[in-house]
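I have placed the structure first, in the form of C-alpha cells, so that the comments after it can refer back to it.
Indexing begins at 1, ligand by ligand and atom by atom, following the structure's order.
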Amino acid sequence: MGLNCALDGPSGAGKSTIAKTLAQRLGYVYVDTGALYRSIGLYAVRNGAAADSAEAVVPLLKDISVELKYIDGAQRVILNGEDVSDQIRTPEISMAASNVSAIPAVREFLLGLQRDIAAKNDIIMDGRDIGTVILPNADVKVFMTASAEERARRRYDELVAKGQTVVYEDILKDINLRDYNDSHRETAPLKKAADAVEIDTTNMSVDEVVDKIETLIDAAKRKTFKVIPFYRRAFYAVLRFIVAIPFYIAFNIKYEGTENLPKSGSVILAGNHQTWFDPILIAIRVKYISSFMAKAELFDIPVLNLAIKLVHGFPTRRSATDVSSLSRAESYIKKGYNLTIFPEGTRSKDGKIGRARSGVAFIASKCGVPVYPVGISFKRHLHFRSKITVRFGKPLSPEELKITSMSKTELREAGERIMSTIAGLLEDNGY
Ligand code: DC
C-alpha cells in the first residue's frame, strides 16, 4: 500500500522544489526520476558514447546498475556503486539526459525501478511521464507548468546564487531546446495525463503550490483510506477539549516542533513512555483521532474497559508478539485513524529510553505510513505545575526506516532508528 502522487512537467517548472517540500511535510518519499536519466547520460558521456544514438547507448545498459538511496531523507543516485548525485547536475549532463531519455530501451530499463519504489511507499514522484506511463493509476496526478521565460529566470537566479556566471539568453535557449526534445520524442513524450490537474506556477509561490497539491493528496487519501464519520470526529474534538483542561491546569505543558504535527490521519505517532497519560499528552495536541494499544489486563476492569474502548484503545498482550493487536492497528490505520504507540512496549521506570519491540516498524512498513516521533520530557516525580515538554520530530518514512524484507534484523534496526530519533527529542539531549 502507498499513496502515489505523480508530478510531471517541463524542465525548470519547480517540480523538485515542490516535491521535496511536500515529501518532507507529509513524511513521503521523494523520487526524482530525472536523476535516473541523468545517471545514464553521465555513463554515456564518460564512455564516449553519443547520448542521442540508440546504437551507442543501448549496448551500455547491460553494464549499468542504478539504485536510489535515501540518506537523511535526501535522495542519492548510485551508479554502479558510485554516488553520482552531484556529478549529474551539469548542463552537459542535462542535455545528455534529455537525449538518452528519448531512447525506448533506456525508458524500459528504468521502468521497473520506478514502479517498485512506488509500490512500497507513499511517494511524490517527479518526472515527465509518471502520470501517463510509469504510474497510470497514481492517486494524484499533477502537471506543473510555468512560462519558458519564468523557468529560465528561476534557473538563472539559482545559478547566480551559486556564484556561477551565466547568460540568461543561453539558459532560455537551453530550456526551449530541452522542452522541444522532451515533448517531441516518440516514446513517452512530455504530455499532461487526461486526469492530471494542471498547475501553472508562473505567478505562484512555493507555499501556494505545495498547499494546493497537499489539498489534492488529502482528498485522494480520503478515498484510499476510509473517512472517519463526522459524528465521531465531532465527539472526539469535544472530548479532547474537555480532557485537555485539567491537564493544562495540573501541569505546565509545552509543545514544541509543532510544525511537524501530522497533517492528516493514518500515520503512526511513536513516543517514549513513562506515565499512563502519555497518550493523552499526545492526543491533546494532535487533532486527528488516534487509536492506541493498551495492556490487555486493563480491559478486565469494566469501567476502564468501556472508557478505553470509547477512545479507540485496543488490547495488546506483552508476553509475545500479539498478532491480533497488530492487525487491529492496521485496520484502524486503514480506516483513517492514527496509531499512537510506545515502541518500548512498557513504561520506563527511570526515564531512560529502552529498546523498541518490532511492532512499530512492522506496522509502518505493512501499511506504508510514516512514523512521527514524539519525545516527552519531565523531571522525575511529577507534582502540581511540573513542566512537561512534548516535542514532535520530523516524520520517518518507511523508506527511511529501510524495511524491505521484514526480517527480524531489519525490524530491530528500524526500531532502534525510531528510538534514537525519539531520544534526540528529549530535553536532556540538549535539542
Ligand atoms: O527533471 P530533470 O531535468 O532532472 O530531467 C533530466 C532529463 O531526463 C529531462 O530532459 C527529461 C528526462 N526525463 C524523462 O524523460 N522522464 C522522466 N520521468 C524524467 C526525466
What residue and atom, counting heavy atoms only, is the protein's closest point to [atom], and at what distance?
atom	value
atom 4 (O) of ligand 1	R38 NE, 2.6 Å
atom 16 (N) of ligand 1	R107 NH2, 3.0 Å
atom 10 (O) of ligand 1	D182 OD2, 3.2 Å
atom 19 (C) of ligand 1	T33 OG1, 3.4 Å
atom 8 (O) of ligand 1	Y37 CB, 3.6 Å
atom 7 (C) of ligand 1	A97 CB, 3.8 Å

Donor on one side chain, acceptor on other, Y180 and R185, under 3.5 Å:
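There is no such pair between these side chains.
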Are a donor atom and an acceptor atom from the side chains of S94 and R38 found within less than 3.5 Å of each other?
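Their side chains do contain a donor-acceptor pair, which is all the 3.5 Å distance test asks for.
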Less than 6.0 Å separating the ring centroids of F277 and F247?
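Aromatic pair counts; centres sit under 6.0 Å.
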Are R46 and Q87 packed together at the side-chain level, in the sense that at least one heavy-atom pair is separated by less than 4.5 angstrom?
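Yes, their side chains come closer than 4.5 Å.
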Going by heavy atoms in the side chains, are L113 and L36 under 4.5 Å from each other?
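The answer is yes; the side chains approach within 4.5 Å.
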Please say whether S94 places an N or O atom under 3.5 Å from an N or O atom belonging to ligand 1.
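No; every N/O pair is 3.5 Å or more apart.
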Between Q114 and ligand 1, does any nitrogen or oxygen pair lie at a separation below 3.5 Å?
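No - when backbone and side-chain N and O of Q114 are compared with those of ligand 1, no distance drops under 3.5 Å.
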Do K366 and E330 meet the salt-bridge criterion of a basic N to acidic O distance under 4.0 Å?
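Result for this pair is yes, salt bridge flagged.
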Apply side chain to side chain contact (heavy atoms under 4.5 Å, CB included) to the pair V243 and I280, showing each step before the final yes or no.
CA-CA 8 Å; V243 170; I280 301 179; 3.5 Å; yes
Compare M95, R128, K15 and give the one whose heavy atom is closest to atom 17 (C) of ligand 1.
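It is R128 that holds the nearest heavy atom.
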